[in-house]
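Being a predicted model, the structure only gives us computed values, none of them experimental. Just the heavy atoms: all of them, side chains too, but no hydrogens, waters or symmetry mates, feed the values below. Residue numbers count from 1 along this sequence.
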Amino acid sequence: VPMLFLGTRRYLSSITGESSTTGGAQCGKIADKNWLNDRIVVEKLQVPWFGEELEISASAFVAAQSKSTAAIGDACATEELMNNNCDVQRRHLESDLSLWYGAFEPSLYAPFVQQAVAGAILSIGTGPWGAGVWFGDSQQYFLTVWLATSILSNAPGLDYYVYDHFCENPG
């Protein structure tokens, strides 16, 4: 079940999902100084809410889980999973398409929030969804995200962030 927060703001100036190839601890690192985001969204959005107009920040946060490849069992060694060399990593495309689509498709939310969801989700930013701690196939998950986003009724943009050394699954 996805979790949606309308009107959210990113308070941190940056947080990294990339590990260091030189040995330093970088995953989830927050800067020691100037960590507060001084460009917090100031753009507002009017959304219908029970017959009235409600003003919220023009942004949203959606949390959606992919199908857990690592939790399927001991079908492959971690080394094989990290390098996308395990057949089980490719056996849940349909369910992952459904999970991603279900998290962002406004018509699948309760009728009284559909317009708010469509208005707040104008762009989706993600990294290697499904390929991190779940050890999913990163190439397949990129295609999953791209395909599922392209068929959403509100046609949001997609910003896909690629890491050269991802924290959870550096393969």
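Between the CD atom of Glu105 and the CD1 atom of Ile121 there is a distance of 9.5 Å, given to the nearest 0.5 Å. Atom CG of residue Asn85 and atom SG of residue Cys76 lie 8.5 Å apart, to the nearest 0.5 angstrom. Taking CD1 from Ile56 and NZ from Lys44, the interatomic distance works out to 9.5 Å, rounded to the nearest 0.5 Å. Note that CH2 of Trp129 is 5.5 Å distant from CG of Leu99, once rounded to the nearest 0.5 Å. For the atom pair CD of Gln65 and CE of Met3, the computed distance is 10.5 Å after rounding to the nearest 0.5 Å.
With hydrophobic clusters built from ILVMFWY side chains whose heavy atoms lie under 4.5 angstrom apart, Trp146 shares a cluster with Val62. Linking ILVMFWY side-chain heavy atoms closer than 4.5 Å, directly or via other members, places Leu54 and Leu122 in two distinct hydrophobic clusters. Using a 4.5 Å cut-off between side-chain heavy atoms of Ile, Leu, Val, Met, Phe, Trp and Tyr, with links allowed through other members, Leu147 and Leu152 fall into different hydrophobic clusters. Taking hydrophobic clusters as Ile, Leu, Val, Met, Phe, Trp and Tyr residues chained together by side-chain heavy-atom distances below 4.5 Å, Leu143 does not share a cluster with Leu93. Linking Ile, Leu, Val, Met, Phe, Trp and Tyr whenever their side-chain heavy atoms come within less than 4.5 Å leaves Ile151 and Leu97 in two separate clusters.
The shortest heavy-atom contact between Gln89 and Gln140 is O-NE2, 4.0 Å. Closest approach of Val117 to Pro106, counting heavy atoms only: CG1-CA, 4.0 Å.
For the residue pair Thr149 and Trp100, a side-chain donor N or O sits within less than 3.5 Å of a side-chain acceptor on the partner.
One finds no salt bridge joining Lys67 and Asp96 here, because no Lys/Arg side-chain nitrogen approaches an Asp/Glu carboxylate oxygen to under 4.0 Å.
Looking at Pro156 and Phe104, their side chains never come closer than 4.5 Å, going by heavy atoms from C-beta outward. Between Phe61 and Leu4 the shortest side-chain heavy-atom distance does not fall below 4.5 Å.
Residue Glu53 places its CD atom among more than 12 non-hydrogen atoms of other residues, nucleotides or ligands, all under 6.0 Å distant.
Using cut-offs of 30° and 60° on the angle between ring planes, the pair Tyr141 and His92 is tilted.
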